[in-house]
Amino acid sequence: MAARLFCSPSHSVKFGEASFDLLTDFLINLNKRNKDNLNSLSKCNGNFKDKKLAEYIFLITKELTLDPLVGYHAIELLQRFMVKHLTDLLTTPTPQGAAADQPRSYEDAIFDKIKGKFHLIIFSCVQLASKLSLHSHMIDNNTAVHFLHSVGHSVSKQTLLESELMILKGLEFRLNVPNPLIYVEILLEVLGHNEPSSPVERLYDLCHHVLQFVSLQRAAIYDTLLKTTVQCVRPSREQREKFVTVTEDCMLLGVGVIAVAAFILRVRKWEQVVGELSHITGISRKSISDFAHVTLKHIARST
């Protein structure tokens, strides 16, 4: 079992060593934060979690030998910052001098400006995530400059600091956000406590692979899940908009990943595992099973 730390503002313990009371606190806290997030979604949620961005971030964390947790945290920071940043820029009154007969020119200028520094924004999110991780080495500015130079981006240490500060201010210094891997690991802990016969240690590593697969195939998996849910091959715009709460539900993602891993490992009494996950989270067995079946179909197609 790999040494894993659960990180919260006041706790850090190794995977498999948390007390039941502490696990309960973690779970209650995650459930509340998940609900708060679902109640405050914007129309742009999920736009910065596509396959190419996730793959790029995962490759950076692998190249810099960072813990996988850093990558998932960076994706969350990037999503939250970009939605806030673009919203602020696009709702700012158009400056005097902008062509009145070209209403899109100001928006185009904003997107062009962001496009030129987007690679640095992504890297800064990874760097900030590494600084928040108690069990991963921090990316210092020397390493950051060297890495960016090796992939064709020459930046100064001052530029790096300015990029980090921009993200910090944009997020109002609220960086301690839960990410999908934390949900998976805490749910695994609770499952192991409630069902001691569950092979949690074997599930642990496999869940990492399943979660990464889901993250990279996010659009395709959730599109299939939507069509399965509404029983329609061409969901309406209204149905897609309502389904955003499903795509952003980290608790559903967590139990779904564990259910998929348990099925792949041919865990005995798979239905019992799904039932316990349902009991832990309040998510229906059908929702968990539907997520697992859709994901397994995509895994089978990819192999």
Side-chain angles (χ1 to χ4, degrees), residues 5-12 29-30 32-34 36-37 40-50 53-54 56-61 63-92 109-149 151 153-183 215 248 250:
L5 299 176
F6 292 125
C7 302
S8 74
S10 58
H11 299 290
S12 61
N29 179 53
L30 281 183
K32 181 181 183 305
R33 298 182 75 169
N34 188 53
D36 289 344
N37 181 53
S40 59
L41 294 176
S42 77
K43 293 181 179 180
C44 299
N45 273 88
N47 289 355
F48 294 93
K49 294 182 180 180
D50 69 9
L53 285 176
Y56 185 48
I57 289 174
F58 289 150
L59 287 173
I60 291 175
T61 57
E63 183 67 23
L64 294 174
T65 62
L66 301 172
D67 190 278
L69 191 71
V70 173
Y72 291 103
H73 199 159
I75 291 172
E76 293 300 317
L77 294 180
L78 177 65
Q79 168 68 35
R80 291 167 185 260
F81 170 74
M82 289 305 300
V83 169
K84 177 70 164 54
H85 190 52
L86 284 173
T87 300
D88 290 344
L89 291 175
L90 294 174
T91 54
T92 301
I110 288 176
F111 287 121
D112 287 341
K113 183 178 180 181
I114 291 177
K115 189 187 301 182
K117 59 181 181 181
F118 192 48
H119 66 277
L120 185 55
I121 291 174
I122 295 173
F123 187 84
S124 292
C125 287
V126 175
Q127 189 170 13
L128 284 170
S130 78
K131 293 178 179 179
L132 292 167
S133 178
L134 300 179
H135 53 284
S136 181
H137 70 269
M138 182 178 68
I139 307 174
D140 59 39
N141 285 340
N142 289 328
T143 302
V145 169
H146 177 75
F147 174 80
L148 288 170
H149 180 74
V151 294
H153 301 296
S154 295
V155 297
S156 65
K157 293 180 182 179
Q158 181 63 33
T159 302
L160 276 173
L161 291 173
E162 291 172 356
S163 178
E164 282 195 1
L165 185 59
M166 177 181 69
I167 294 171
L168 286 168
K169 289 181 177 179
L171 293 175
E172 299 176 340
F173 295 87
R174 297 174 182 173
L175 304 183
N176 188 33
V177 295
N179 65 69
L181 185 54
I182 289 179
Y183 281 84
S215 299
E248 296 301 311
C250 286

For Ser40, the side-chain hydrogen bond (donor to acceptor under 3.5 Å, both in side chains) test, sequence neighbours excluded, returns none
To the nearest 0.5 Å, atom CD of Glu172 lies from atom NZ of Lys169 at 12.5 Å
CD (Glu164) and CD1 (Ile167) are apart, to the nearest 0.5 Å, by 7.5 Å
What I'd like to find out is whether the side chain of Asn176 reaches to under 4.5 Å of the side chain of Leu132, using heavy atoms alone.
no
His149, NE2 atom: more than 12 neighbouring heavy atoms under 6.0 Å | no
Separation between CG (Leu160) and CG (Leu165), nearest 0.5 Å, reads 12.5 Å
Rounded to the nearest 0.5 angstrom, the OG-CG distance for Ser130 and Leu64 is 8.5 Å
Query - Step-by-step side chain to side chain contact (heavy atoms under 4.5 Å, CB included) determination, Lys117 to Met166 - result: CA-CA 12 Å; Lys117 59 181 181 181; Met166 177 181 69; 3.8 Å; yes
Between Leu171 and Leu175 the two heavy atoms that sit nearest each other are CD1-CD2, 3.5 Å
### Message
Does any part of the side chain of Phe48, heavy atoms only, come nearer than 4.5 Å to the side chain of Phe118, both counted from C-beta?
### Response
yes
Rounded to the nearest 0.5 angstrom, the CG-CZ distance for Leu168 and Arg174 is 13.5 Å
Applying side-chain hydrogen bond (donor to acceptor under 3.5 Å, both in side chains) to Asn34 and not counting sequence neighbours gives Asp249
Between Phe58 and Gly71 the two heavy atoms that sit nearest each other are CE2-C, 4.4 Å
Checklist entry - Are side-chain heavy atoms of Ser215 and Ile75 found at a separation under 4.5 Å? => result no
Can you tell if the side chain of Ile182 reaches within under 4.5 Å of the side chain of Asn179, non-hydrogen atoms only?
yes
Taking only distance into account, with no hydrogens and no angle test, what donor-acceptor pairs under 3.5 Å do side-chain atoms of residues 120-128 form with protein atoms, sequence neighbours excluded?
unit_1, atom_1, unit_2, atom_2, d
Ser124, OG, Leu120, O, 3.0
Ser124, OG, Ser163, OG, 2.7
Gln127, NE2, Ile139, O, 3.0
Gln127, NE2, Asn141, OD1, 3.1

Review point. Val151 versus Ile60: any side-chain heavy-atom pair under 4.5 Å?
Key: no
query: Are more than 12 heavy atoms from other residues, nucleotides or ligands located less than 6.0 Å from atom CD of Glu162?
result: yes
Between the CG atom in Leu148 and the NE2 atom in His119, the distance rounded to the nearest 0.5 Å is 6.5 Å
With sequence neighbours left out, the residues meeting side-chain hydrogen bond (donor to acceptor under 3.5 Å, both in side chains) with Lys32 are Asp36
Sequence neighbours excluded, the answer for side chain to side chain contact (heavy atoms under 4.5 Å, CB included) partners of Val177 is His73, Glu76, Leu77, Arg80
By side-chain hydrogen bond (donor to acceptor under 3.5 Å, both in side chains), Asp140 pairs with (sequence neighbours left out) Thr143
